[in-house]
Amino acid sequence: MDYDDYPDGVIIAGPDGLVEYVNPRIKVMARAEGDEMIGMHLSDAVPFDDLNGNSWYDCCLPYDGLNIRSRISEASWWSPKGSEYLITASLVRSRRSGPVERVVVSVRNARIRNQADRERSDLVATVAHELRSPLTGIKGFTSTLLTKWDKFSEEQRQLMLETVDADADRLSRLITELLDAARIDAGRLTLKRGPVKLDEVVRHVLTSVSGGSTEPFEVSIKDDLDLIWGDSDRIHQVVTNLVENALRHGFGLKEIVVQNTQHPDYQGGVSLQVHDNGPGIPEEMRQRVFSRFWRSGPGAGSGLGMYIVRGIVEEHGGAIDIQDAEGGGAQIRVWFPINEPDSMTD
């Protein structure tokens with residue numbers, strides 16, 4: 001096998017432990033010139049150790065140990081300069097339980113894995129922060145009420161309990177969002193499909209969500225809309241999130257348009273366009289809006305809303321994008337295909 005183009009560093013040693021081959025990648029890692037590594041003992045060619053100073057060669061004993069071993073599992077080891085690498089090895093024997101005739105060592109930089117670990121740590125830290133915020137309020141007020149109940153008036157108790165109730169609702173919503181995001185990540189978001197009238201969904205959401213809006217907005221719902229097949233609750237979730245974002249973070253809702261739309265890559269469907277009065281979203285930021293925990297501006301929520309919205313839309317086979325609205329502001333467009341079951345079509 002030719003390892004010259006292999007992306008990881010490769011060192012091959014013979015039965016006597018002397019290096020017989022090194023590929024160009026390991027030469028770059030070791031800053032070796034020419035063939036200076038050829039003929040070197042494997043213990044010197046792999047000068048890595050653990051955090052306690054134990055060398056890879058002495059710990060793994062590639063030529064000793066159990067005579068049925070065929071590989072050395074990948075693990076983290078550190079170079080003399082302190083860089084972390086992931087090292088694994090194959091122990092080649094000509095016959096079962098025979099002596100090791102060749103050791104093939106693979107070395108790769110651990111930088112990418114460390115970056116992924118940092119991202120997971122950041123995710124855990126963000127989740128912990130978001131959960132702790134409402135829990136602090138709940139714990140503080142309940143503890144105060146339990147220890148000083150008689151010192152507060154009825155109105156004060158009522159206010160504290162309302163605050164606890166609001167924080168509990170916020171905590172419940174956050175947990176629901178985290179579960180939805182986890183399902184989307186794992187590809188396990190399930191839909192209970194049925195006939196859905198998008199115009200009725202929009203009217204219901206506007207009635208329940210936009211009651212506190214002081215600025216007028218336009219609603220344009222075209223006649224004879226196609227019936228789409230999807231999860232009514234999930235589509236409600238999508239519309240609610242988009243309308244709330246426009247009201248809270250987009251300087252108010254400007255216009256909503258619902259109409260039949262032909263998607264260029266699919267057959268017929270129904271689209272929802274939500275326009276806001278904000279400054280718009282720069283083009284280079286539009287994809288980041290759909291990433292996990294992306295937040296912008298004061299009063300931002302958990303940062304999971306748009307990530308979940310895109311996951312739900314794509315699970316329906318639809319599409320979502322962000323454009324500049326006429327007259328300024330952002331325009332978020334969502335398209336749902338009809339998705340009529342074959343049995344209904346037949």
Side-chain angles (χ1 to χ4, degrees), residues 1-129 181-182 185-186 284 287-288 291-294:
M1 181 176 180
D2 186 6
Y3 293 102
D4 285 354
D5 298 323
Y6 200 63
D8 298 332
V10 176
I11 302 172
I12 300 178
D16 52 2
L18 301 181
V19 174
E20 298 177 346
Y21 169 84
V22 291
N23 73 339
R25 180 58 186 159
I26 197 66
K27 291 181 181 179
V28 173
M29 290 180 175
R31 296 175 180 171
E33 298 181 0
D35 295 331
E36 66 176 284
M37 294 182 68
I38 301 299
M40 185 182 296
H41 194 271
L42 187 59
S43 60
D44 297 322
V46 188
F48 301 93
D49 56 26
D50 60 17
L51 293 176
N52 295 319
N54 303 308
S55 72
W56 174 86
Y57 189 89
D58 292 339
C59 289
C60 297
L61 297 173
Y63 291 92
D64 300 315
L66 291 174
N67 58 8
I68 60 172
R69 287 195 304 167
S70 61
R71 65 186 299 269
I72 297 173
S73 299
E74 184 178 79
S76 295
W77 298 86
W78 279 260
S79 71
K81 294 187 177 182
S83 300
E84 183 182 3
Y85 290 87
L86 304 176
I87 303 178
T88 184
S90 294
L91 309 180
V92 182
R93 307 173 191 268
S94 60
R95 56 184 175 83
R96 184 178 177 81
S97 301
V100 174
E101 297 186 353
R102 193 166 72 253
V103 177
V104 182
V105 181
S106 173
V107 182
R108 69 174 59 177
N109 197 297
R111 184 177 61 253
I112 300 301
R113 192 198 64 173
N114 291 338
Q115 179 180 346
D117 289 343
R118 284 193 297 271
E119 290 175 353
R120 283 192 289 267
S121 297
D122 292 343
L123 174 62
V124 172
T126 302
V127 171
H129 174 76
D185 285 341
E284 64 272 11
Q287 286 305 311
R288 296 186 186 182
S291 60
R292 286 183 301 180
F293 298 109
W294 185 88

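- Here the side chain of S76 pairs no donor or acceptor atom with the backbone of L86 at under 3.5 angstrom.
- Among residue pairs with one or both ends in residues 38-48, none qualify as salt bridge (charged side-chain N to carboxylate O under 4.0 Å, His left out); sequence neighbours excluded.
- Within the structure, the salt bridge (charged side-chain N to carboxylate O under 4.0 Å, His left out) test picks out the following pairs touching residues 82-101 (sequence neighbours left out): E84-R113.
- Residues satisfying the side chain to side chain contact (heavy atoms under 4.5 Å, CB included) criterion with A13, sequence neighbours excluded, are L42, Y63.
- In terms of the side chain to side chain contact (heavy atoms under 4.5 Å, CB included) criterion, residue partners of I68 (sequence neighbours excluded) are, by chain and number, L66, S97.
- Checked against side chain to side chain contact (heavy atoms under 4.5 Å, CB included), E20 has the following partners two or more places apart in sequence or in another chain: P15.
- In this structure, S79 has no side-chain hydrogen bond (donor to acceptor under 3.5 Å, both in side chains) partners at least two apart in sequence or on a different chain.
- Sorted by first and then second residue, the ring pair (Phe, Tyr, Trp, His ring centres under 6.0 Å) pairs involving residues 27-54 (not counting sequence neighbours) are H41-Y57, F48-Y85.
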Under the side-chain contact (heavy atoms from CB on, under 4.5 Å) rule, what do V22 and V10 come out as? Steps first, then yes or no, please. CA-CA 6 Å; V22 291; V10 176; over 6 Å; no

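- With sequence neighbours excluded, the residues satisfying salt bridge (Lys or Arg N to Asp or Glu O under 4.0 Å) with R292 are D185.
- Checked against side chain to side chain contact (heavy atoms under 4.5 Å, CB included), N52 has the following partners two or more places apart in sequence or in another chain: D50, N54.
- Applying the salt bridge (charged side-chain N to carboxylate O under 4.0 Å, His left out) test to pairs two or more places apart or on separate chains, those with a residue in residues 3-19 are D8-R108.
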What donor-acceptor contacts under 3.5 angstrom involve side-chain atoms of residues 27-40, with partners at least two apart or in another chain?
residue	atom	partner	partner atom	Å
K27	NZ	G34	O	3.4
E36	OE2	E33	N	2.6

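- Within the structure, salt bridge (charged side-chain N to carboxylate O under 4.0 Å, His left out) contacts touching residues 64-73 (residues at least two apart or in different chains) do not occur.
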